[in-house]
2 protein chains.
Amino acid sequence: MGNADYEQLLRGASLRVTRPRVAVLGAVTENAHADTETILGAVRERLPDVSHQAVYDSLAALSAAGIVRRIQPSGSVARYETRVGDNHHHVVCRSCGSIADVDCAVGHAPCLTASDDNGFVVDEAEVIYWGTCPQCQAAQSSK
Amino acid sequence: MGNADYEQLLRGASLRVTRPRVAVLGAVTENAHADTETILGAVRERLPDVSHQAVYDSLAALSAAGIVRRIQPSGSVARYETRVGDNHHHVVCRSCGSIADVDCAVGHAPCLTASDDNGFVVDEAEVIYWGTCPQCQAAQSSK
DNA sequence: GCGAAATCCTGAATGAGTCAAGAAACGGGC
DNA sequence: GCCCGTTTCTTGACTCATTCAGGATTTCGC
């Protein structure tokens, strides 16, 4: 994906096209599930003088527009990804915190229907699987 | 539930029975989905001189033992509940942050099976429904 | 190009949560 | 019922992701 594509995405969401935003979008695309610090580093490879504040603002704007998705498993800092709108979920490693994508197990949005919603109007279901990643399994069994 | 019951729970989990722990357990039981500050306040009604550190330590010990469950939706502080082991999930209001329980929509632990686990060994699936609570719906429609 | 509005920068503040070291409490064994 | 080793609690300081504020720049419709 080139910068032109990112600009398209931004314009399509009625967002102003600024260099920090394009760079943030690129950084998030190339670093799935990255935390803010990693994104900041990646953005500075493209645009050395961005402030961390601009990155926070951009991420907030992109999240609000639905272009990026913010995920934050318990005990972790915020992480971001650009794969949105396809109903996929995440596995998180309890020991190292790494995250991987998981397509929804049971077809299309079955988990979206709560049996008793207590009067809430539900618009999204988020699933987080907790477990141990292959690396950590190997590390533990070799002890 | 009386303190004797809480003591039983603690002993059953091979945890030492201390007054802060009993008080924390009581506070979490009576304040479902409460954040740490609320729990601290409730604990101090029973035991005025507990330190906040003792509450953090107790919550960590109880969580590790599986007696309480820690939940932390994105953008929220940590919250705790005592209803564990029954595969229920949560609805979170996007505008006020309130949380309600939801029994699993599709029977027993269906969401526990990821379609492709990327080599992860999954031991738990956590589902968070995002939406708007009745109060916030009313507040928004009356604007 | 021009100007209003949005966005970005610099720099400081917030606050949930953690760390550390010594004091006190728990509970198994006598 | 008391002792002792270990766990837990207290006090107090500290970390660090994230947010807030005010002024300077940039964007984009006209």
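Numbers restart at 1 for each chain; the letters A, B, ... are given by sequence-line order, proteins then strands.
- Under a hydrophobic-cluster definition in which Ile, Leu, Val, Met, Phe, Trp and Tyr are linked whenever side-chain heavy atoms come within less than 4.5 Å, directly or via other members, Val24(B) and Val17(B) are assigned to the same cluster.
- Along DNA chain C, the nucleotide nearest Val77(B) and the nucleotide nearest Ser14(A) are compared for position; the residue whose nucleotide lies closer to the 5' end is Ser14(A).
- Grouping the Ile, Leu, Val, Met, Phe, Trp and Tyr side chains by contacts below 4.5 angstrom, directly or via other members, places Leu47(A) with Leu25(A).
- In the hydrophobic clustering, Ile71(A) connects to Val92(A), Ile99(A), Ile128(A), Trp130(A), either directly or through intervening members, whenever side-chain heavy atoms lie under 4.5 Å apart.
- Note on Arg11(B): a side-chain N or O is less than 4.0 Å away from OP1 or OP2 of dG27(C).
- We find that CZ of Arg70(B) is positioned 6 Å from P of dG17(C), with the value rounded to whole Å.
- Straight-line distance from the CD atom of Glu7(B) to the C1' atom of dC26(C): 12 Å, rounded to whole Å.
- Note on Glu126(A) versus Arg69(A): no salt bridge recorded, every NZ/NE/NH1/NH2 to OD/OE distance being 4.0 Å or above.
- For Thr18(A), the listed nucleotide lying nearest its side chain is dT7(C); candidates were dA17(D), dT7(C), dC9(D).
- For the OP1/OP2 pair of dT7(C) and a distance below 4.0 Å, the side-chain nitrogens and oxygens of Arg21(A) include at least one atom meeting the criterion.
- The stretch residues 31-56 of chain B touches DNA chain C through Thr36(B), His52(B), Gln53(B), Tyr56(B), each having a heavy atom under 4.0 angstrom from the strand.
- Looking at Arg21(B), its side chain does come within 3.5 Å of a backbone N or O of Arg16(B) through a donor-acceptor pair.
- In this structure, of dT18(D), dT26(D), dC9(D), it is dT26(D) that holds the atom nearest to the side chain of Arg16(A).
- Nucleic acid contact for Ala61(B): none, since no nucleic acid atom lies under 4.0 Å from a heavy atom of the residue.
- When rounded to the nearest whole Å, the span between CG of Leu15(B) and P of dG27(C) equals 10 Å.
- The main-chain N or O of Val22(A) is never found under 3.5 Å from a side-chain atom of Glu7(A) such that the two would form a donor-acceptor pair.
- If you measure from atom CD of Gln72(A) to atom P of dG17(C), you get 11 Å, rounded to the nearest angstrom.
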